[in-house]
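Below: the structure, in structure tokens.
By convention in this document, chain letters (A, B, ...) are assigned in the order of the sequence lines, proteins followed by strands, and residues within each chain are numbered from 1.
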Amino acid sequence: MPRRRSLHATRWDSIRSPGDQDKWSRLPMQAFPTITISTIIAVRSHRAGVVRFESPGYFPLVLLSMKQAQPCGTGLDSVLFCGGASADVSPSLDIPELPDLEADLRALIAAIPAGKLTTCGMLAEALGDRAAAVWIGRWLQEHAHHDSCHCHRVVRVGGVVGGYARDAAFKLARLRAEGALLPDGSWNPEALLPREVLHSVLPSPPLAELRRWQEEVRRAVRLQPLANPPEYLGGVDASYGVRGEAVAAYCHVRRSDGQLLESIVVRQPCRFPYISGYLAFRELPVMLAAVSAARRAGLRPDLLLVDGAGVLHPRRAGLASHLGVLLGTPTVGVTKKLLCGTLPQGEPQLPGAASPIVLDGETMGVCLRSQSGHARCVYVSPGHLVDVTDGATWTAACFPRRLPETIYWADRISRQASRRPG
DNA sequence: GCGACAG
DNA sequence: ATCTTGTCGC
């Protein structure tokens, strides 16, 4: 009997009492400046013959940033999931305060005067990384523009004015009226806003700051063999609802037979966009919440598989490394596409086979083909407290479908939950 | 010049 | 990641 007994009814019953809900609503939120609030939307046992726990309502979940485990002592720790006891977490790194990139982007665009122009790439540079250009381009296409906004002054490289939400003609007319166009209809290169102007709007570019934090994570990462063969494997993945809210699922799988034992789903608002290389800042909060909730329910994986890269990352600090460092637990990153690195031997051909992935002349990951020999491989790299070999070995241990079982279930369950209303 | 670029 | 129709396969 199972270690899983900790997911018994009593603990959850205490959470469900109306009195506790009241306590929650009276909690002074100002007391927790960097707190992340999540909602548990499902806790399930998947073992046949075992009572299934379905949470009927939504419970608040509070994840304190790691340095702030103190406020748990308010007597609410039976109600709130406070990131666990302080011994659970590595106190060395704190979750950084996330910038409001959309507000920063609006500020940059507002700073483009009439008659002047800029490009997505230059705006991205001003935010701190050219990689943000893709998101900016999409934002400009989707965001509802007003007569007073300056979004029409963002053009494409090479003279093409480019789209503008659904009204390219309006954009063209305004630019012509502002004198930024040449007679042939292309935009005037001399109208380009100098870099310094945008730089002065955001003297400390937010993405550059986040990069500095990634370097801290990189320094904290330890790649080492796993002490013991893992008995339980965890998997986390995130999906997004129609209103953009993030939903994460943690799935607990028994390594010996690959069976899904338990799952936990949490939800929280999400403001940070997807930018290649910065996925951690989009998904870390909701994933930390899911894993913390799992911990409080007694689910402690010996190895956590994350849907995202580990050290196979431009700064060797992918999502899985962030999770590992913040939780102080062994993590492995698993992706469906390669973010960086090369395959000197190509992809493995045989079912269940592996081939190395090299980054900067060093084997930093492994390409795995499933035991069923699926056409598409996965790309595995250690996140933290595990090495390349062990990470790949235990990822391959429960891998009968296209994705490792942990990731398969987390993907499926989070997606299903994100499509539900609420 | 064009594509690539975890989710 | 999400948006979508039909289509292929077990």
Side-chain angles (χ1 to χ4, degrees), chain A residues 101 120-121 124-125 127-139 141-142 156-160 207 210-211 214 217 235-249 267-288 290 305-324 331-343 357 359 364-368 372-383 391 395 400-404 407-408 410-420:
Chain A
L101 288 187
C120 291
E125 259 177 41
L127 286 176
D129 197 322
R130 281 207 100 93
V134 180
W135 165 62
I136 296 171
R138 219 191 51 185
W139 185 85
Q141 290 296 323
E142 293 171 359
R156 283 175 54 180
V157 177
V160 184
L207 293 178
L210 293 179
R211 240 178 357 259
Q214 288 182 328
V217 169
V236 270
D237 189 21
S239 298
Y240 297 86
V242 282
R243 289 187 310 256
E245 76 274 17
V247 174
R267 187 190 59 189
Q268 67 176 212
C270 177
R271 299 269 309 153
F272 201 93
Y274 170 72
I275 297 169
S276 180
Y278 300 83
L279 176 65
F281 303 105
R282 176 165 170 82
E283 304 207 332
L284 197 52
V286 74
M287 284 192 174
L288 279 170
L305 278 67
V306 182
D307 194 330
V311 296
L312 228 38
H313 177 275
R315 292 168 288 282
R316 296 200 184 185
L319 173 58
S321 296
H322 284 71
L323 267 175
T331 56
V332 173
V334 180
T335 58
K336 303 166 204 77
K337 289 188 287 189
L338 198 55
L339 172 60
C340 57
T342 57
L343 294 154
I357 305 172
L359 186 62
M364 298 298 291
V366 173
C367 178
L368 291 179
S372 57
H374 192 96
R376 295 176 62 187
C377 291
V378 296
Y379 307 90
V380 179
S381 61
T395 298
R401 322 184 207 228
R402 182 170 109 68
L403 299 173
I407 300 292
Y408 167 82
D411 181 85
R412 202 172 190 276
I413 290 172
S414 68
R415 195 195 326 274
Q416 177 197 306
S418 74
R419 289 170 152 276
R420 291 237 168 265

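Taking only side-chain atoms of A309(A), from C-beta outward, the nucleotide of dG7(B), dA1(C), dA6(B) with the closest atom is dA6(B). For S239(A), whose side chain is taken as the heavy atoms from C-beta onward, the closest listed nucleotide among dC5(B), dT2(C), dG7(B) is dT2(C). Of the candidates dG7(B), dA6(B), dC3(C), dA6(B) carries the atom nearest the H313(A) side chain, counting heavy atoms from C-beta on. Nearest to the side chain of S418(A), among dT2(C), dG7(B), dC5(B), sits dT2(C). Checked against dA1(C), dA6(B), dC3(C), the side chain of T335(A) finds its nearest nucleotide in dA6(B).
The distance between atom CG of L279(A) and atom P of dG7(B), rounded to the nearest whole Å, is 8 Å. When the P atom of dG3(B) is taken as reference, atom CG of L339(A) falls 20 Å away, rounded to whole Å. A straight line from CZ of R138(A) to P of dA1(C) spans 14 Å, rounded to a whole angstrom. In this structure, M287(A) places its CE atom 10 Å from P of dG7(B), rounding to the nearest Å. Atom CD1 of I357(A) and atom P of dA6(B) are 14 Å apart (whole Å). Rounded to whole angstrom, the span from the NZ atom of K337(A) across to the P atom of dA6(B) amounts to 5 Å. Distance CG (L368(A)) to C1' (dA6(B)): 16 Å, rounded to an integer number of Å. Atom CG of D411(A) is separated from atom P of dG7(B) by 10 Å (rounded to the nearest Å).
Relative to the ring axis of Y274(A), R138(A) does not place its NZ or CZ within 45° and under 6.0 Å from the centre.
A131(A) comes within contact range of no nucleotide atom at all, as no heavy-atom separation falls under 4.0 Å. At the heavy-atom level, R419(A) lies under 4.0 Å from the strands shown only through sugar-phosphate atoms. Residue Y278(A) is classed as a base contact, given a heavy-atom separation below 4.0 Å to a base. G277(A) comes within 4.0 angstrom of a nucleotide base, judged by non-hydrogen atoms across all strands. Residue L319(A) is classed as a base contact, given a heavy-atom separation below 4.0 Å to a base. Within the nucleic acid shown, Y274(A) comes within 4.0 Å of at least one base atom, counting heavy atoms only.
R315(A) CZ: more than 12 foreign heavy atoms inside a 6.0 Å radius. The 12-atom threshold is exceeded at CZ of R401(A), counting heavy atoms of other residues, nucleotides or ligands nearer than 6.0 Å.
One finds no salt bridge joining R412(A) and D237(A) here, because no Lys/Arg side-chain nitrogen approaches an Asp/Glu carboxylate oxygen to under 4.0 Å.
OP1 or OP2 of dT2(C) lies within a sub-4.0 Å distance of a side-chain N or O belonging to R415(A). Using a 4.0 Å cut-off, some side-chain N or O of K336(A) falls inside it from OP1 or OP2 of dA1(C).
Using bins of under 30°, 30° to 60° and over 60° for the plane-to-plane angle, the ring pair F281(A)/F272(A) lands in the tilted bin.
Nearest heavy-atom pair across P314(A) and C340(A) is N-SG, 3.7 Å.
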